[in-house]
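Before any comments, here is the structure.
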Amino acid sequence: MSQGQGLAQSWSAWLAQWHLLLSSEANSPVTNSLAGMTDTTIPRSRDDIAKQMKQVNPKYSLREWLLVPAYQQASQGDYTLLRELQAVMTNPYAEQSQEVEDKYYRLKASEYFGVGGCSHLSCSS
């Protein structure tokens, strides 16, 4: 078996386990803690599970390739991009404007692939 086939099988196994977990989570009732309803249980939908995941996983992550142009501009006395990044990263879990999403919720530009110092972050970052 090739490395690619092994990787595909591993991903398939993980995905099957994830779907099983989602199905069991979706069918597990949770206590509704609204006032006056503390003993009532309600089933969790996939939307509820997705919403909970989004609350603990930020949509926007500060990446070195985003910082490079900001600190280059700042070194020239222009702090506009740095302030913009600060505003976005102050609320990394929140849905923000379409303009912010288009600019910061994307893959890095191709010119940054393989560039030392702005292409990769370690897992401990």
Side-chain angles (χ1 to χ4, degrees):
M1 174 182 342
S2 73
Q3 185 178 5
Q5 290 171 328
L7 184 60
Q9 285 182 342
S10 294
W11 271 110
S12 293
W14 178 89
L15 187 58
Q17 184 178 11
W18 177 245
H19 281 289
L20 184 63
L21 180 62
L22 278 180
S23 295
S24 66
E25 265 302 302
N27 294 319
S28 299
V30 295
T31 301
N32 183 347
S33 59
L34 296 174
M37 300 178 71
T38 55
D39 296 329
T40 305
T41 58
I42 53 174
R44 295 178 63 192
S45 70
R46 284 185 179 233
D47 287 341
D48 291 337
I49 294 167
K51 183 178 178 184
Q52 183 181 11
M53 288 174 62
K54 287 178 181 179
Q55 290 173 341
V56 296
N57 294 296
K59 180 171 184 172
Y60 301 98
S61 297
L62 189 58
R63 302 286 186 211
E64 186 72 13
W65 59 270
L66 292 170
L67 284 171
V68 169
Y71 67 67
Q72 287 173 338
Q73 287 180 13
S75 72
Q76 300 296 316
D78 181 359
Y79 296 93
T80 307
L81 188 53
L82 193 61
R83 289 185 185 109
E84 184 178 304
L85 273 170
Q86 182 180 15
V88 171
M89 299 306 160
T90 298
N91 296 300
Y93 299 91
E95 291 296 329
Q96 300 191 33
S97 72
Q98 187 63 50
E99 180 183 355
V100 167
E101 184 169 329
D102 291 345
K103 191 170 184 178
Y104 295 108
Y105 188 64
R106 62 181 178 83
L107 295 175
K108 65 184 164 193
S110 60
E111 66 259 21
Y112 293 119
F113 278 88
V115 177
C118 71
S119 181
H120 313 291
L121 291 175
S122 72
C123 294
S124 62
S125 300

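Counting begins at 1 with the first residue of the sequence.
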Worked verdict on Asp48 versus Gln52 for side-chain contact (heavy atoms from CB on, under 4.5 Å): CA-CA 6 Å; Asp48 291 337; Gln52 183 181 11; over 6 Å; no
All side chain to side chain donor-acceptor pair (under 3.5 Å) counterparts of Gln96, not counting sequence neighbours: none
Members sharing Tyr79's hydrophobic cluster (side chains within less than 4.5 Å): Leu82
Parallel, tilted or perpendicular, as decided by the 30° and 60° cut-offs, for the rings of Trp11 and Trp14: perpendicular
All pairs passing salt bridge (Lys or Arg N to Asp or Glu O under 4.0 Å) where residues 67-85 contributes a residue, at least two apart: Glu84-Lys103
Nearest-0.5 Å distance, CG of residue Leu81 to CD of residue Gln86: 12.0 Å
Verify same cluster id: Leu15, Ile49 (apolar side-chain graph, 4.5 Å): yes
Reported OG-to-NZ distance for the pair Ser61 and Lys59, which is rounded to 0.5 angstrom: 11.5 Å
CZ on Arg63 to CZ on Arg106, rounded to 0.5 Å: 12.5 Å
Residues which pass side chain to side chain contact (heavy atoms under 4.5 Å, CB included) with Ser10, listed by chain and number, not counting sequence neighbours: none
Joint hydrophobic cluster, Leu62 plus Leu107, side-chain heavy atoms closer than 4.5 Å: no
Pairwise distance CG(Leu85) to OG1(Thr80) - rounded to 0.5 angstrom: 11.5 Å
Verdict with supporting geometry, Tyr71 and Glu64, side-chain contact (heavy atoms from CB on, under 4.5 Å): CA-CA 10 Å; Tyr71 67 67; Glu64 186 72 13; 3.8 Å; yes
Under the side chain to side chain contact (heavy atoms under 4.5 Å, CB included) test, residues paired with Gln98 that sit two or more places apart: Glu101, Asp102
Lys51: partners by side chain to side chain contact (heavy atoms under 4.5 Å, CB included), with sequence neighbours left out: Gln55
Common cluster, Val100/Tyr93, ILVMFWY with side-chain heavy-atom separation under 4.5 Å: no
